[in-house]
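Report on the following structure.
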Amino acid sequence: MQATKHAESDPESNGADAHGTDAHGTSAPGTSDTASDAQYDFMVVSNRLPVDRCSPDEPGCEDGWRRSPGGLVTALAPMMTKTDGAWVGWHGAPDEHVQPFSHGGIDLVPVQLSTHDIEFFYEGFSNSTLWPLYHDVIAPPEFHRTWWDSYRKVNRRFADAVIHHANPGATVWVQDYQLQLVPKMLREARPDLKIGFFNHIPFPPPEIFAQLPWRRAIIDGLLGADLVGFQRPSDAGNFMRSARRFLGASVKQQQIHVKGADGKTTHIARAQAFPISIDVKQISELARNPEIVERSRQIRRDLGSPKTILLGVDRLDYTKGIRHRLKAYEELLADGKVSVEDATLIQVASPSRERVEHYRLLREEVEGTVGHINGTYDTMQNTAVRYLHHSYPIEEMVALYLAADVMLVTALRDGMNLVAKEYVTARTNNDGALVLSEFAGAADQLKQALLMNPHDIDGLKDTIMKAVNMQPAEAARRMRSMRKQILDHDVDLWSSDFLSTLEEKVIRDDS
Ligand code: G6P
């Protein structure tokens with residue numbers, strides 16, 4: 001799939017500020033312009049573009065932009081570079097118009113979000129309605145008609161950007177819960193397109209999805225796609241049950257017959273699980289890099305060379321089970337099962353959605369608990385929990401994975417959890433233990449992890465101790481088997497599986 005660029009890029013443009021664009025949205029030196037009428041045969045659409053703004057003195061900053069961290073980006077960036085397609089998404093700055101440009105070999109088509117859109121579409125409907133609803137209502141979802149209105153309008157804007165830039169017959173891959181109406185909007189305007197959608201987060205059972213006042217419109221929006229992908233077979237099953245229940249759709253063997261206003265079948269959408277993975281090559285290479293190995297040793301020395309380092313790495317999100325993990329660890333300290341002399345828990349909590357109330361409350365709670373634990377158990381030399389409210393570049397993350405004897409992934413609900421897969425991939429010596437929640441999608445693939453229910457604090461404590469005391473032979477047996485699973489299923493396979501299923505399906509339907 002090659003992009004047809006009707007206009008050539010201009011790498012020499014000048015006059016930009018530190019953020020890569022000037023007031024008129026022209027590119028910084030080194031970023032190439034992509035003409036605003038360029039057309040593509042392959043387009044990825046996600047709420048965020050795979051870049052963040054940065055200032056030149058920050059590490060990894062090129063021309064005012066930096067490749068952004070996160071599962072979605074990790075998953076799709078390698079494929080975008082290979083296919084020479086275009087990526088449509090929000091550039092992260094409110095109220096700012098940025099012209100299409102190119103960064104790191106990827107053509108980017110920015111979509112503008114106003115301060116109002118951010119409040120109503122992003123923080124509101126996406127992250128205070130859909131996010132909690134799709135994650136087992138761990139926090140109560142809020143339903144506001146004004147938020148829904150904004151969700152529809154912003155989805156329309158993303159769809160229009162694709163409609164403008166897609167070549168006839170192009171393949172369009174829409175990503176995640178923020179953009180569930182885009183597939184239908186594309187199909188209505190451009191029936192020539194091949195449309196795929198992938199939901200990175202869980203899809204709830206119909207009994208929970210039923211709460212959503214706009215449940216029919218969401219299912220209808222998704223059914224605009226030829227192929228709707230999910231992390232787990234149970235997510236695909238939930239979606240098909242909802243399609244049947246709320247739209248009366250006929251569903252047979254993953255095929256959903258979609259009917260138009262006249263009651264006639266317009267097309268058949270397929271729903272299927274495609275568990276996402278990671279860039280195995282990148283993580284493996286970093287894990288073997290002598291500088292990163294040395295950095296991991298330095299981390300251990302900096303912590304006073306404890307016998308055991310435990311590690312948690314999460315966005316600071318209430319779905320991740322950070323409170324449950326801290327509670328279990330505090331009780332282990334109180335029971336004398338672990339001591340600050342022998343063990344340290346490193347908790348990396350990367351800042352996330354900080355203006356949303358539930359996230360603000362979570363931060364206060366987590367930081368209060370960490371302060372309490374450390375105040376009670378720290379000594380002058382040793383600390384119980386090393387809490388880091390930062391995001392780190394992947395190099396530092398891999399050094400942390402190498403330093404950690406035990407990785408704690410205690411999500412209460414998680415679409416996949418790529419941190420678990422990164423940890424396993426980094427353990428090239430087949431040592432280390434992964435404690436993994438059975439409510440993370442990754443548990444479907446990593447069956448040799450120490451699986452547990454994070455709501456069961458005693459069970460969680462026992463599992464942590466089992467990981468701390470695991471004999472090297474058992475650790476190696478488990479790690480080898482998990483590593484094989486991931487090495488055989490990296491992110492390239494995920495994307496090529498999805499795209500070839502989409503192509504085959506469309507060809508079959510047309511013939
Ligand atoms: C999850 C979602 C992504 C989202 C990411 C970061 O992984 O599935 O769609 O981009 O979280 O969240 P944010 O709200 O910062 O984009």
Side-chain angles (χ1 to χ4, degrees), residues 44-53 66-77 87-94 110-111 113 117-136 138-139 147 150-151 154-155 158 173-182 197-204 222 228-232 235 274-278 313-322 348-360 362-363 389-392 397 409 411-422 439-442 491 494:
V44 172
V45 194
S46 65
N47 180 44
R48 281 184 191 277
L49 282 175
V51 288
D52 285 324
R53 283 288 173 75
R66 179 181 46 200
R67 172 82 71 79
S68 48
L72 178 58
V73 183
T74 315
L76 288 179
W87 196 312
V88 177
W90 176 45
H91 49 77
V111 172
L113 292 188
D117 298 329
I118 291 166
E119 196 181 323
F120 283 58
F121 155 76
Y122 170 70
E123 292 163 355
F125 200 78
S126 297
N127 289 317
S128 302
T129 305
L130 294 172
W131 182 268
L133 186 74
Y134 283 30
H135 285 89
D136 286 358
I138 295 166
W147 291 1
S150 174
Y151 186 79
V154 173
N155 270 244
F158 278 81
W173 194 0
V174 184
Q175 309 288 327
D176 231 355
Y177 63 102
Q178 303 94 341
L179 300 176
Q180 293 172 100
L181 304 179
V182 171
F197 179 92
F198 187 78
N199 198 52
H200 290 255
I201 69 172
F203 197 88
L222 289 170
V228 190
F230 296 91
Q231 300 282 24
R232 301 171 308 164
D235 297 316
F274 296 88
I276 200 170
S277 191
I278 57 160
V313 174
D314 311 86
R315 269 188 315 103
L316 190 41
D317 192 298
Y318 51 82
T319 59
K320 303 291 184 183
I322 302 171
V348 176
S350 50
S352 186
R353 306 174 190 165
E354 292 187 288
R355 284 156 35 109
V356 177
E357 181 68 1
H358 281 294
Y359 290 77
R360 264 207 296 260
L362 175 72
R363 181 172 177 193
H389 184 241
H390 303 292
S391 12
Y392 289 99
M397 294 313 307
V409 177
L412 306 177
R413 178 55 79 197
D414 208 334
M416 176 51 64
N417 199 290
L418 294 175
V419 163
K421 293 191 173 182
E422 286 179 356
F439 302 117
V491 71
W494 170 76

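Heads up: numbering here begins at 1 and tracks the sequence. Whatever order the structure lists them in is the order used to number ligands and atoms, beginning at 1.
- Ligand 1 has no N or O atom lying under 3.5 Å from any N or O atom of Y177, backbone or side chain.
- The N/O atoms of S352, backbone and side chain alike, include none that comes under 3.5 Å of an N/O atom in ligand 1.
- Residue contact check for ligand 1: N47 places no non-hydrogen atom closer than 4.0 Å to it.
- The N/O atoms of Y122, backbone and side chain alike, include one that comes under 3.5 Å of an N/O atom in ligand 1.
- Tested against Y177, the residues F197, F203, W131 include a single ring pair (Phe, Tyr, Trp, His ring centres under 6.0 Å) partner, W131.
- Other residues, nucleotides and ligands place more than 12 heavy atoms under 6.0 Å from the CZ atom of R360.
- For F120 and F125, the distance between ring centers is not under 6.0 angstrom.
- Applying the 4.0 Å criterion to heavy atoms of H200 picks out, from ligand 1, the atoms 8 (O).
- Annotation: F121 is not in aromatic contact with W90 [ring centroid separation under 6.0 Å not met].
- Listed for the D136 side chain is no donor-acceptor partner under 3.5 Å among the backbone atoms of I138.
- Atoms of ligand 1 lying under 4.0 Å from at least one heavy atom of R48, given by number and element, are 13 (P), 15 (O), 16 (O).
- Atoms of ligand 1 lying under 4.0 Å from any heavy atom of I201, numbered from 1 in the order shown and given with element: 8 (O).
- Taken to the nearest 0.5 Å, the CD atom of Q178 stands 7.5 Å off from the CD1 atom of I201.
- At distances below 3.5 Å, at least one donor-acceptor pair connects side-chain atoms of K421 with backbone N or O atoms of I276.
- Where the criterion is an N or O separation shorter than 3.5 Å, residue side chain and backbone included, Q178 meets it with respect to ligand 1.
- In terms of polar-atom proximity, R353 is counted as a contact of ligand 1, with an N or O under 3.5 Å from an N or O of the ligand.
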